[in-house]
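Because the structure is a prediction, the values reported are computed rather than measured. Values below: every heavy atom of this structure, side chains too, minus hydrogens, waters and symmetry copies.
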Amino acid sequence: MARTRVGRGALAFPVVVACGALIGLAGAARAQVKPGDANPGLSQSGQTSASHKTNSRIERYAKVLGLDANQTEAARNLYEAYQKDTSAAAKKMQSVLQSAQDDMNAGDHAAFEKGVQKSMAEHAEASKKLTEKFLGDLKSILHEDQASRWPALERLRRREQFLNSMMSFGGIGVSGSSVDLIPIVRKLTEGEAGAKLSRESWRRLEEMLGLYEMDVDRPLRERQQNLEDEQKTMGAVQHFEQAEFEKKLERDRKVDLEIREVNGKYLKQIEGLLPEDLAKKLADNYQVRAFRNIYKTSGVAKKMSAAMRVPGLSEDQKSRLQAAMDAYRKEARAANDRWAAAQYKAETDGRATGGGLVFFAPGGPGSSGEKVDPELADARSARRAVDDRARSQLEGILTPEQMAAIPKPEVGQGGLVRTVSVFGDDLGEDAVFVNDIDMGDDAPAGDGAPVVIIRTVEGPGGGTATEDVKGKK
């Protein structure tokens, strides 16, 4: 793990946030972009998925705007051209950031920041113009009676930008503040499932989703305005004093809590409009998305599933392995539910959770002496214990040779972002935080190339801070 020395008089927390699309730019401390890194446009088979993403997005836009077939095809062509232009802008930006990395490697942090500020400002302006052109062109193909639907498209685009794919976007990130109920409900009620609903139920459901769209848009506007203000004031590289940064976190937390409250309110109301089986599925789907990092498929679960494909397993091994998997799923779900409940309570009370893209070492500088909520820490430990027992079971069922032959699980196309943060002085026990942010296969790709924000927070204390981020859309 790479480490960057920070002066003993200050503790720096570099944060990388991709606005619009989260991609595998290097950790803020190294500002590194490798041309050979994960390609967000490639699936596991090596075939491009860009066309699928484009079609999905344009189909959503077409439905909102009421486009006919010819208009939809024209919109698709406009969006594909827009993607091509923004991709070219991203490559230009990456080239500049690669040059800035040389300054960082040479120890010239000032030159690095200056280079990043300049390139990101230029990129942000270019991206803004490209987006405005695309939207202007899209609006030009509308018929007069379709123009009144444009505000609905703007609300959709805010949900695309600030929900779903933007995990832990605001401040510490409150669970449930990055979930859009509309696509969950739409997917759940399509096909045969939707046929169970009466015409009156459909009418009430559509009415409820319309109210939700309006209510959730209010805090999203505030979230958008806060981001724009920060970028306008400080640019790409943002410096905060500790007290100022804590105020910012609390401001963002309040917005997150408001979004979570709107989601919780409408989740219950929509459940009441659905048959019992669909209502349960909706609650489960929301829970998994609201606490995505808790309910994501664990490494142990992937390894146990992959173990079933190991050649030469005896019938007894298969039977024991299946029993172990069934027991693990049950135990893991119960442990996850406990963990999620503890995290919900800690977030509501404003207690430290140790999660998100920014992490303050428990009791260390920047945490105001506050340790991670004890109930939450216990719940996490209990969840790790379930994994440890399952791992031991697996090793007891398979031979060492069979363990070595377990196929490596495939990575979902939604992509995974891993942050690794180390805080300490290399003299004692450093605080290490690893956070996997699973974007999910259903996370919509953002418009254009990303805008990277690097934030540095200075406060009392000293030590090391490193963050490496790798991922793909």
Side-chain angles (χ1 to χ4, degrees), residues 17-23 25 33 39-41 48-97 116-166 169 217 220-221 223-225 227-232 235-236 443-453 473:
V17 180
C19 306
L22 188 55
I23 67 169
L25 294 178
V33 180
N39 186 335
T48 180
S49 60
S51 177
H52 171 72
K53 291 288 186 179
T54 298
N55 289 337
S56 297
R57 169 157 291 190
I58 293 304
E59 285 170 3
R60 290 195 298 271
Y61 288 9
K63 186 172 183 179
V64 168
L65 295 172
L67 304 184
D68 60 30
N70 291 333
Q71 288 175 306
T72 300
E73 183 61 27
R76 185 175 292 111
N77 292 335
L78 289 172
Y79 192 68
E80 288 176 351
Y82 168 66
Q83 286 185 308
K84 183 178 179 180
D85 290 340
T86 53
S87 178
K91 290 179 180 179
K92 180 180 178 181
M93 177 192 67
Q94 290 172 358
S95 176
V96 176
L97 289 180
V116 170
Q117 286 280 28
K118 183 175 183 296
S119 64
M120 295 309 299
E122 292 174 349
H123 171 74
E125 184 62 25
S127 295
K128 180 181 178 180
K129 289 181 178 179
L130 289 172
T131 299
E132 288 175 348
K133 182 179 184 304
F134 163 68
L135 293 177
D137 291 342
L138 179 61
K139 185 179 286 189
S140 71
I141 69 174
L142 300 182
H143 301 316
E144 186 175 349
D145 61 328
Q146 295 169 328
S148 62
R149 302 188 181 194
W150 192 258
L153 178 67
E154 292 177 329
R155 290 192 292 270
L156 169 59
R157 286 177 56 80
R158 270 191 290 276
R159 296 198 305 277
E160 287 180 337
Q161 184 177 3
F162 297 107
L163 293 179
N164 298 305
S165 60
M166 300 305 295
F169 181 83
D217 192 59
L220 289 184
R221 283 176 178 270
R223 180 179 278 182
Q224 180 182 37
Q225 189 62 55
L227 172 65
E228 291 175 353
D229 289 346
E230 287 177 358
Q231 289 181 316
K232 187 181 299 182
D447 278 348
V451 175
V452 178
I453 303 173
K473 282 191 286 188

Worksheet entry | Validation row: K63, L156 side chains within 4.5 angstrom (heavy atoms) | no
Item to complete: Kindly indicate whether the side chain of R149, heavy atoms from C-beta on, has any atom under 4.5 Å from the side chain of L65.
Response: yes
Response to the item:
Sorted by chain and number, sequence neighbours left out, side-chain hydrogen bond (donor to acceptor under 3.5 Å, both in side chains) with N70 holds for none
Check: residues 134-142 side-chain donor-acceptor pairs under 3.5 Å, at least two apart:
unit_1	atom_1	unit_2	atom_2	d
D137	OD2	K133	NZ	3.0
S140	OG	D137	O	2.5

Worksheet item: Mind checking what makes side-chain hydrogen bond (donor to acceptor under 3.5 Å, both in side chains) contact with Q224, not counting sequence neighbours?
Response: none
Item to complete: Decide, yes or no, whether a salt bridge links E132 with K129 under the criterion of side-chain N to carboxylate O below 4.0 Å.
Response: no
Discussion item. Restricting to non-hydrogen atoms, name the atom on T131 and the atom on Y82 that form the minimum distance, rounded to 0.1 Å.
Written reply: OG1-OH, 2.7 Å
Worksheet item: With sequence neighbours excluded, what pairs up with A152 under the side-chain contact (heavy atoms from CB on, under 4.5 Å) test?
Response: V64, R155, E213
Worksheet item: Under 3.5 Å, is there a donor-acceptor pair linking the side chains of Y61 and T72?
Response: no
Worksheet entry | Verdict with reasoning, R60 to E160, per salt bridge (charged side-chain N to carboxylate O under 4.0 Å, His left out) | CA-CA 11 Å; R60 290 195 298 271; E160 287 180 337; 3.0 Å; yes
Item to complete: Return the set of residues passing salt bridge (Lys or Arg N to Asp or Glu O under 4.0 Å) with E228 (not counting sequence neighbours), or none when no residue passes.
Response: none
Discussion item. Restricting to side-chain hydrogen bond (donor to acceptor under 3.5 Å, both in side chains), what partner residues turn up for E154, sequence neighbours left out?
Written reply: W150
Discussion item. Given 3.5 Å as the limit, does a donor-acceptor pair link the side chain of Q71 with the main chain of D68, or not?
Written reply: yes
Discussion item. For D85, give me all partners under side-chain hydrogen bond (donor to acceptor under 3.5 Å, both in side chains), at least two apart in sequence or on another chain.
Written reply: none
Worksheet item: Do R223 and L163 have side chains that get closer than 4.5 Å, going by heavy atoms?
Response: yes
Worksheet item: How long is the span from the CD atom in Q83 to the CG atom in L78, to the nearest 0.5 Å?
Response: 11.5 Å
Item to complete: Apply side-chain contact (heavy atoms from CB on, under 4.5 Å) to R221 and list each qualifying residue two or more places apart in sequence or on a separate chain.
Response: R158, D217
Worksheet item: How far apart are the closest heavy atoms of R76 and E73, and which atoms are they?
Response: NH1-OE1, 2.9 Å
